[in-house]
Amino acid sequence: MASSIEIAGLRKNYGSLSVLDDISVSIKAGEFLTLLGPSGSGKTTLLMTIAGFVRPNAGSIKVDGREIVTLAPHKRNIGMVFQNYALFPHMSVGENVAYPLKLRGVGRGERDDRAKRALAAVRMEQYADRRIDQLSGGQRQRVAVARAIVFEPNIILMDEPLSALDKRLREEMQVELKRLHETLGRTIVYVTHDQKEALTMSDRVAVLKSGRIRQIASPRDIYDKPVDRFVADFIGDSGFVSLTDRGRGVDLAVSDGFRAAHVTGKADPLLLLRPEKIEIVSSPDAQPDLIRFDGVADDVLFQGDLVVVHATLADGTRLRLQRGTRQNTMRDLPAVGSRFRMAIHEEDAWVVSGVQAGEHAP
Ligand SMILES: Nc1ncnc2c1ncn2[C@@H]1O[C@H](COP(=O)(O)OP(=O)(O)OP(=O)(O)O)[C@@H](O)[C@H]1O
Ligand SMILES: [Mg+2]
């Protein structure tokens, strides 16, 4: 069974430092929610508060409608994979995995059976008798996951479980954790630094900054429709060009419809330009649904599957755009140092405010 989590008005201070600042979020039963944010933004503290290892200064955490904020960690039925795994080095793999069952008073025989099943779920059944220091990083990570799921918790919390692994293994484990989520059907709250990982794995992503949730949305919405410049910058590669100050030399033709829908009323509106959404315009025919602008190509870098162009606009804005490397695409590339025309379709365009909530335009 999976559980829902309802967090309301959660606050945690360390002295005068506000680490969780009025966090409210509803997590659906069976959802995969990822917390993403810079170092120190409060991700681990939020997980530790849900797990019961950190006591908040204010707020409520309800699981399936029941308040748990004062409940001891082992009574919460929540499994946790810690940021540094926290495996016991003096115990075997099997003993590590069985430990949460021992803590809950489960008898020897059943402990061994269930530990075996949890190890099988992460494909580590043949390693039960090994010591932890005889395992690779990826294997340790699997043991930590097995230990978190062995008592069949309704909620699993994972704090950067893949950060110690190299890129290839990390991608392999992403697929495995996703598969595990599908087979177990439990609610997962996951923390990562890696924005691609967050987009790949999650039903929803919450972006944190200084103990606050700046945006919570589906991977597509958080990438395509970030609420502000911070979120846009944090997720994916982004360039911005101002829509207020046309006097600075970038001549952007934006239709009245687009302006009314996305620009009017925004403080310091910035057009978000993702590298893969920028077209290179080679024909002079004007299409009304294209926002066009000119720049100079600084570099054209062939990377095998992609070709990357760095360009500078008239106001000094630097942009990155990328294309696939099919022959017809390669023919349209600008020469280094030449002026060329770019465009973004209005349906791909998104405007963010350059002013963060709570701040004021200069
Ligand atoms: N026990 C503590 N005492 C004092 N300050 C703390 C304590 N635990 C965490 N902090 C502070 O709270 C803030 C948030 O820490 P937290 O570990 O939640 O960040 P994080 O988002 O997980 O960062 P990282 O990505 O580096 O793991 C940091 O400024 C940290 O120094
Ligand atoms: Mg952390």
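One-based numbering along the sequence shown. Counting convention: from 1, in listed order, for ligands and their atoms alike.
Protein heavy atom at the shortest distance from atom 26 (O) of ligand 1 is Ser39 OG, 2.5 Å. Remark: minimum distance from atom 31 (O) of ligand 1 to any protein heavy atom is reached at Leu17 CD2, 4.9 Å. Atom 4 (C) of ligand 1 has its closest protein heavy atom at Tyr14 CG, 3.3 Å. In this structure, atom 16 (P) of ligand 1 lies nearest to the protein heavy atom Thr45 OG1, 3.5 Å.
Residues Lys43 and Asp159 are not paired through a salt bridge, judged by the lack of any N-O separation under 4.0 Å between the basic side chain and the carboxylate. Salt bridge status for Asp298 with Arg318: present, with a side-chain N to carboxylate O gap under 4.0 Å. Between Asp133 and Arg131 there is a salt bridge, since at least one side-chain N of the basic residue sits less than 4.0 Å from a carboxylate O of the acidic one.
Using a 4.5 Å heavy-atom threshold, the side chains of Pro56 and Val69 count as touching. At a threshold of 4.5 Å between non-hydrogen side-chain atoms, the residues Val307 and Gln322 do not count as touching.
Around the OH atom of Tyr99, the shell of radius 6.0 Å holds no more than 12 heavy atoms that belong to other residues, nucleotides or ligands. Counting non-hydrogen atoms of other residues, nucleotides and ligands closer than 6.0 Å to NZ of Lys277 gives a total above 12. For Lys62, the NZ atom counts as loosely surrounded, since its 6.0 Å shell holds 12 or fewer non-hydrogen atoms of other residues, nucleotides or ligands.
Inside a 4.0 Å radius of atom 10 (N) of ligand 1 there is at least one protein heavy atom. In this structure, atom 13 (C) of ligand 1 is in close contact with the protein, since a protein heavy atom lies within 4.0 Å of it.
Ligand 1 lies within reach of Ser41, whose nearest heavy atom is under 4.0 Å from it.
Close contacts of ligand 1 with Thr44, meaning ligand atoms under 4.0 Å from a residue heavy atom, involve 17 (O), 18 (O), 20 (P), 22 (O), 27 (O). Numbered from 1 in the order shown, with element, the atoms of ligand 1 that lie under 4.0 Å from a heavy atom of Gln83 read 27 (O). Per-residue contacts place Lys43 under 4.0 angstrom from the following atoms of ligand 1 (heavy atoms of the residue considered): 18 (O), 20 (P), 21 (O), 22 (O), 23 (O), 24 (P), 25 (O).
The Mg ion (ligand 2) does not have Ser39 among its coordinating residues (no N/O/S atom, backbone or side chain, under 2.8 Å). Distance check for Thr45 against the Mg ion (ligand 2): none of its N/O/S atoms falls below 2.8 Å.
In Val19, the part holding a heavy atom less than 4.0 Å from any atom of ligand 1 is the side chain. The side chain of Glu160, and not its backbone, has at least one atom closer than 4.0 Å to an atom of ligand 1 (non-hydrogen atoms only; side chain from C-beta on).
Here CD of Gln174 is found 4.0 Å from CD of Glu197. Values are rounded to the nearest 0.5 Å.
Rounding to 10 degrees gives 80° for the angle at the Mg ion (ligand 2) between OE1 of Gln83 and OG1 of Thr44.
Between Gly40 and ligand 1, a contact under 3.5 Å exists for at least one N or O pair.
Taking the six-membered ring where tryptophan is involved, the planes of His181 and Phe32 are perpendicular, since the angle between them exceeds 60° and thus also 30°.
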